Amino acid sequence: MNGRIVDLFREMQRIRIFEETVIRLFKASEFSGFLHTGIGQEAIAVGVCGSLQAEDWLTATHRSHGHLLARGVPMHLLLAEIYGKESGLCEGVAGHVHVADMTRRIVGGNGVLGQNQPIATGLALGLRLRRESAVVVSIFGDGTANEGAVHEAMNLAAIWELPVLFVCERNEFSELSPYTSQFKIKSVADRAAAYGFEGYSLEGTDVEAVGELVQRLTSKMRRGGGPALVELRVVRWHGHYEGDPQQYRDAALRPSADPLQLLTESHPELLGQEVRESILTHAREEMEAAIRFARQGSHLDPEALFARAADTGVPP
Amino acid sequence: MNGRIVDLFREMQRIRIFEETVIRLFKASEFSGFLHTGIGQEAIAVGVCGSLQAEDWLTATHRSHGHLLARGVPMHLLLAEIYGKESGLCEGVAGHVHVADMTRRIVGGNGVLGQNQPIATGLALGLRLRRESAVVVSIFGDGTANEGAVHEAMNLAAIWELPVLFVCERNEFSELSPYTSQFKIKSVADRAAAYGFEGYSLEGTDVEAVGELVQRLTSKMRRGGGPALVELRVVRWHGHYEGDPQQYRDAALRPSADPLQLLTESHPELLGQEVRESILTHAREEMEAAIRFARQGSHLDPEALFARAADTGVPP
Amino acid sequence: MSTSSSLVPGTVLKKYRVAIRDALAEEMTRDANVLLMGQDIGISNGLFRLTEGLYERFGPERVRDTPISETATVGAAIGLAMLGFRPVVEIAFSDLMLTCFDTIVNQLAKLRWMFGSQCPPLPVVIRALTGAGLGVGSHHSQSLEALFAHMPGLNVLTPATSADAAGLLKGAIRSSTPTIFLEHKMLLRDSSPVTPGEVRQPGEAFLTRTGTDLTLVGYAYTAKLALQSAVELAAKGIAAEVIDLRSISPLDTDTVTTSVLKTGRLLVIQEAYKPFGVGAEVIARLAAKNLGHLKAPMDRLAVPFMPIPASKALEQFYLPSVSKVTQRAVQMMAA
Amino acid sequence: MSTSSSLVPGTVLKKYRVAIRDALAEEMTRDANVLLMGQDIGISNGLFRLTEGLYERFGPERVRDTPISETATVGAAIGLAMLGFRPVVEIAFSDLMLTCFDTIVNQLAKLRWMFGSQCPPLPVVIRALTGAGLGVGSHHSQSLEALFAHMPGLNVLTPATSADAAGLLKGAIRSSTPTIFLEHKMLLRDSSPVTPGEVRQPGEAFLTRTGTDLTLVGYAYTAKLALQSAVELAAKGIAAEVIDLRSISPLDTDTVTTSVLKTGRLLVIQEAYKPFGVGAEVIARLAAKNLGHLKAPMDRLAVPFMPIPASKALEQFYLPSVSKVTQRAVQMMAA
Ligand SMILES: Cc1ncc(C[n+]2csc(CCOP(=O)(O)OP(=O)(O)O)c2C)c(N)n1
Ligand SMILES: Cc1ncc(C[n+]2csc(CCOP(=O)(O)OP(=O)(O)O)c2C)c(N)n1
Ligand SMILES: [Mg+2]
Ligand SMILES: [Mg+2]
């Protein structure tokens with residue numbers, strides 16, 4: 001149990017370091033494209049993904065670094081993908097927004113919001129048909145909840161009683177617009193009743209509470225239960241993308257509390273300065289090694305794209 | 001008020017005669033295509049459409065004869081469209097499934113389920129921008145409620161507080177499948193809370209009750225109120241399409257009560273035999289004239305399709 | 001498409017509709033990972049009875065009714081495929097595939113390519129009814145093969161005979177490439193010979209009639225029209241060679257090239273909208289080759305560039321027909 | 001696309017991005033029925049700053065932020081158009097239009113044709129960012145014009161210059177035909193001359209450079225590539241004629257025909273997937289004419305038939321480029 005608190009802290013610290021570092025590297029133009037980070041949302045990634053079993057499946061978002069890292073992806077493989085290198089998780093072909101690691105049962109981000117939720121229901125159906133007790137966790141942002149695909153997926157999961165935990169990462173923004181411009185309801189969790197399952201809303205900064213709820217809900221599913229929806233509330237720290245001027249942002253809406261600090265405050269005895277410094281040092285070391293790895297790698301030989309196409313059945 | 005009861009009966013009778021007759025004509029191969037009728041669902045059509053004002057808008061369904069007739073469309077124009085004649089509402093080009101009468105502010109059926117609900121929100125937004133007090137009624141079947149488009153439209157109506165009355169014509173079937181195979185929730189009206197407006201569920205056989213509810217809800221909207229959802233419950237009398245063998249149909253699920261008979265029973269004094277027979281005779285006369293009209297008309301000159309294309313901006 | 005009773009030994013005469021149903025049953029028997037999903041395909045046998053008897057035979061887990069949620073259905077099929085299943089989705093009208101178009105062309109078609117070999121093949125087959133002729137109007141009659149064939153990552157098949165319906169469907173279910181399988185409404189009741197168990201591969205056009213004067217290219221219903229027109233043309237002394245493309249992606253233009261090198265004339269017949277369609281692609285591929293002097297410009301016969309009218313009379317005016325093909329062929333001969 | 005400072009009198013130099021914004025503002029000023037809808041187009045000015053300042057100028061009723069619900073947004077635009085409004089919808093990436101593809105091609109494009117003259121024109125303009133070059137991968141970089149141009153009922157426009165961005169957009173807003181207006185991401189910062197107030201009509205290709213040896217046809221970003229390549233080719237003694245299509249539907253192939261009759265060689269350059277694309281349609285139309293003997297087969301230069309890779313290096317390999325165009329043109333001259 002005590003080890004667990006330290007683990008939670010360690011995983012959040014890894015994500016924090018990773019996000020801080022990619023922001024720095026992005027500003028230094030080490031890689032191109034967009035960059036969405038989940039800095040400040042580490043308790044969601046770790047609380048949710050840290051509660052899963054190896055055989056469970058995860059669908060992540062366009063803001064997925066935390067989800068992937070918390071699910072056990074090593075920093076260097078993720079960073080190499082962001083750099084577009086052959087040594088990356090998808091050989092640099094998918095890139096930051098779509099990065100996946102199916103060896104760890106992570107379907108990954110999706111460039112088209114809402115499209116991962118139907119896929120999650122299919123995974124869950126497959127697990128049930130195979131009589132496996134694994135579950136599927138499908139994360140999406142608050143703004144994404146208004147895509148038609150999400151609605152269809154939730155109803156499908158409900159009527160087929162599929163083991164999907166829908167996790168809404170509510171960070172109060174949909175790209176450059178506030179939650180209140182997208183919803184009339186107080187909580188996205190209110191959507192669950194529209195399909196006939198349960199919805200929960202929780203602070204997304206308390207990693208322990210998040211983990212406990214996810215544990216409780218997924219263990220019901222492992223015993224044959226149907227879907228559930230959890231809204232996890234934070235307030236986005238940075239812009240939608242790094243570099244976002246955020247002139248739309250209401251100054252009154254303060255970034256949510258630091259989940260690392262909250263955990264430290266609840267467990268001062270376990271997370272003393274020495275422990276935290278050692279964790280930080282390790283995270284920095286993993287990060288430094290990841291940067292060396294990503295920089296050093298080369299791009300996929302472009303000709304290999306054709307082999308990939310043939311291999312994946314893309315007709316000529 | 002007494003006149004109103006007779007009017008309600010008359011409108012339902014018109015629809016009943018129309019549906020009975022088109023079924024007979026269809027069996028006699030007088031026209032081709034599919035045929036979906038709303039026989040037995042007359043109280044919904046009349047209760048809803050009879051409560052609207054001329055300046056209101058309606059979006060109907062693929063089962064829309066009743067909706068159109070109750071909104072004042074003469075039988076002959078509708079029948080001629082079903083016959084594919086130039087004298088039909090859309091000159092035979094749209095056909096039974098898609099028939100519209102925009103002169104009466106009826107956007108019509110839609111071949112693609114769910115696609116009318118977003119259009120309804122746009123109409124409602126336009127009315128509000130023009131500072132008009134008219135409302136939009138958007139009817140859809142129970143099965144259609146699980147289309148993503150419906151979800152997106154309901155949320156849009158909610159956040160923009162648009163005067164859309166969503167009417168779910170719940171007839172217990174989605175094509176060839178029962179309600180219970182499509183929903184885990186007891187009532188489609190439960191969906192309203194997911195967007196932040198009110199949902200109501202009512203027997204769809206009591207034309208007076210339907211009319212009163214629609215009156216009440218639309219008059220709130222005329223004064224600036226936002227959307228609402230009404231589920232109107234019936235049990236489909238016939239197959240999904242005429243000729244449907246319905247082997248899927250649970251015999252225990254009896255067709256819902258006859259709305260004409262129910263109204264007669266509640267108002268024996270107003271709807272005596274003589275009154276009813278006179279109404280029936282008039283309905284039959286309108287029907288007979290409509291058949292003559294539809295048969296007599298010719299098809300649009302095919303070359304006129306090109307003019308229509310040019311006129312409607314379809315580039316060559 | 002022949003209804004001749006002199007069957008080649010080892011073949012059986014089957015309706016196109018039944019050939020599809022039987023192919024599904026055979027693949028489900030052969031491979032427990034094959035399962036069907038779609039609206040009303042279970043106890044109701046599907047709107048066009050294309051899954052008749054399969055629910056009784058394979059049960060509700062493998063013949064699964066879906067709600068009216070095409071996006072969720074196709075998305076779920078992708079998830080199932082990621083776990084090793086081979087889902088076959090039925091969409092009763094190909095027009096309705098446009099409600100889940102992103103799921104098909106941005107997700108199903110691309111995900112494996114994007115993720116690489118860590119992602120298993122996604123052998124989803126989407127079967128949909130295509131084509132006009134029933135008088136059911138603009139939203140239930142379109143021929144949309146070009147939309148799917150423009151996008152990488154999908155095979156797009158358009159069988160015209162029972163043998164192709166069965167053989168190509170079996171091939172599609174076993175293939176590692178996702179497939180759009182378009183079944184033409186007006187062919188459902190046509191009977192033609194099928195070799196039981198035969199599996200056919202995509203990407204091979206089929207020479208259905210030899211001739212020397214001009215090449216008629218069709219697919220799905222227009223393959224039938226072309227063949228019927230060739231009979232009319234023969235009576236006029238014109239020997240038309242007829243090719244059934246069968247597969248729109250991959251597209252076999254070698255067979256067409258060989259034929260056009262011989263005949264010097266090409267007419268591609270399609271029920272789809274003309275611009276950016278199958279005829280355009282076939283002709284552009286041939287134009288890029290050094291075919292030398294042709295006897296007439298290569299051309300296309302398609303529908304007018306407008307939606308499909310519901311009225312039966314207007315629909316007939318709108319659609320290609322045997323006589324329209326014959327007339328155009330005669331014009332090409334005269335040119 | 002010239003950045004020359006010697007402006008024609010009466011024109012002003014403008015960034016493509018600004019030309020679009022100004023055209024919107026002008027039309028909104030001219031016609032109170034014009035209104036804008038899209039994600040984050042209001043106070044945030046749009047993801048690519050294409051509506052900068054319009055929210056302050058025209059207020060929230062006419063510059064309306066929408067939730068992440070593309071289907072509802074485009075559907076709502078249809079409803080507004082039925083009441084006489086002229087909605088201009090922004091979708092930040094054209095790839096995402098596939099989530100509302102039915103609403104665009106089955107509803108917006110067809111309804112007025114289906115209903116007839118009882119239905120008013122539906123002058124909805126959908127503006128979307130198109131094209132690759134930012135390294136943002138398979139779901140945010142596609143060129144999908146052919147998908148829309150295959151379907152009747154839509155104009156499809158692909159401006160390459162500020163003057164076309166402004167003029168064609170103004171024309172589209174005033175047109176009674178719904179329009180898909182594709183703005184190329186890599187052109188947003190290009191400056192070129194604009195005649196204030198000018199309105200341009202769809203369906204006219206533009207001869208951007210005259211030459212006698214071969215015809216290069218491009219549109220949007222490839223129109224720029226073609227022009228740049230023509231400069232390289234001139235240095236090699238090859239006189240390329242360059243045509244910017246500007247409008248994919250309607251498609252002006254007369255201008256191309258005239259040019260090819262002169263040069264005898266045609267290369268169509270597209271950033272889109274090759275099969276069933278713009279090159280196919282252009283070539284098929286020319287093939288149907290009696291062009292006589294060409295000096296080389298008409299051909300297309302497009303991307304490999306696969307999704308777009310995210311990695312910048314792979315993306316550069318994948319995309320057409322000036323040197324690829326030049327190389328292919330040199331080959332055609334040698335053939
Ligand atoms: C279908 C679709 N619409 C729009 C976009 C553009 N887009 C990318 S991220 C984003 C905001 C998503 O907001 P939310 O779901 O709350 O996730 P967050 O970014 O806050 O994590 C938008 C609109 C998209 N990728 N896909
Ligand atoms: C998007 C879409 N999916 C499927 C269909 C085929 N279809 C036509 S009517 C129908 C049943 C609709 O059921 P419901 O909404 O309950 O209306 P009802 O027929 O009962 O009036 C179906 C599935 C369609 N037209 N559009
Ligand atoms: Mg958010
Ligand atoms: Mg129903």
Side-chain angles (χ1 to χ4, degrees), chain B residues 31-34 62 81-86 88 90-99 109-115 141-150 174-177 181-183 240-241 244-249 298-306 308-310 312 314-316, chain C residues 38-49 51-52 55-56 60 64-73 75 91-93 95-100 102-103 132-142 273-275 303-319:
Chain B
F31 53 87
S32 53
F34 303 134
H62 56 285
E81 183 65 23
I82 297 173
Y83 271 66
K85 297 299 178 68
E86 183 178 1
C90 306
E91 299 177 319
V93 173
H96 156 71
V97 175
H98 319 86
V99 55
N110 198 309
V112 189
L113 300 173
Q115 290 294 323
D142 42 349
T144 301
N146 292 324
E147 278 292 336
V150 176
S174 303
E175 209 168 67
L176 319 180
S177 294
S181 71
Q182 320 266 311
F183 293 93
H240 169 62
Y241 53 91
D244 176 1
Q246 295 197 75
Q247 73 276 51
Y248 55 85
R249 189 159 179 153
S298 56
H299 301 292
L300 186 70
D301 174 3
E303 295 295 336
L305 286 178
F306 294 101
R308 178 184 271 241
T312 59
V314 175
Chain C
Q39 288 162 26
D40 307 314
I41 63 165
I43 197 167
S44 297
N45 295 323
L47 203 60
F48 290 93
R49 294 202 295 133
T51 53
E52 196 159 32
Y55 178 83
E56 288 85 62
R64 182 171 289 266
D65 276 341
T66 59
I68 309 181
S69 304
E70 290 79 6
T71 298
T73 302
I91 295 195
F93 297 91
D95 316 64
L96 308 177
M97 294 166 87
L98 304 190
T99 63
C100 53
D102 187 90
T103 316
L134 293 180
V136 292
S138 310
H139 286 160
H140 288 79
S141 310
Q142 296 172 90
Y273 308 121
K274 183 166 167 180
V303 296
F305 195 42
M306 56 177 78
I308 304 168
S311 160
K312 211 53 191 283
L314 299 179
E315 192 188 39
Q316 289 312 312
F317 163 82
Y318 175 92
L319 290 176

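Because only heavy atoms are used, hydrogens play no part in the values below, and waters and symmetry mates are left out as well, while side chains stay in. The shown structure was predicted, so the numbers you read here are calculated from the model rather than taken from an experiment. The sequence lines fix the lettering, A, B, ..., with proteins before strands; numbering per chain opens at 1.
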*Can you say whether C/F93 sits under 4.5 Å from chain B via the side chain, the backbone, both, or neither, judging by heavy atoms?*
side chain
*Go through the atoms of C/N45 and report whether side chain, backbone, both or neither lie under 4.5 Å from a heavy atom of chain B.*
side chain
*Closest non-hydrogen atom pair, B/Q182 against C/T66*: NE2-O, 4.1 Å
_Is B/N110 in contact with chain C via its backbone, its side chain, both, or neither, using a 4.5 Å heavy-atom distance?_
both
_Interatomic distance, B/L176 atom CG to C/L47 atom CG [nearest 0.5 angstrom]_ = 6.0 Å
*Between C/G42, C/S69, C/C100, which shows the greatest number of heavy-atom pairs under 4.5 Å with chain B?*
C/S69
_Chi angles and distances behind the side chain to side chain contact (heavy atoms under 4.5 Å, CB included) call for C/K312, B/F31_ = CA-CA 8 Å; C/K312 211 53 191 283; B/F31 53 87; over 6 Å; no
*Which heavy-atom pair separates C/V136 from B/H98 by the least distance, and what is that distance?*
O-CE1, 3.6 Å
*Under 3.5 Å, side chain of C/S44 to main-chain N/O of B/Y248, donor-acceptor pair present?*
no
*C/L314 versus B/L300: any side-chain heavy-atom pair under 4.5 Å?*
yes
_Which atoms of C/L96 are under 4.5 Å from chain B, going by heavy atoms: the side chain, the backbone, both sets, or neither?_
side chain
*Worked verdict on C/I68 versus B/S174 for side chain to side chain contact (heavy atoms under 4.5 Å, CB included)*: CA-CA 8 Å; C/I68 309 181; B/S174 303; 3.9 Å; yes
*Considering non-hydrogen atoms only, spot the tightest contact between B/G84 and C/S311 and give its length.*
O-OG, 3.2 Å
*So do the side chains of B/H240 and C/D40 get within less than 4.5 Å of each other, counting heavy atoms only?*
no
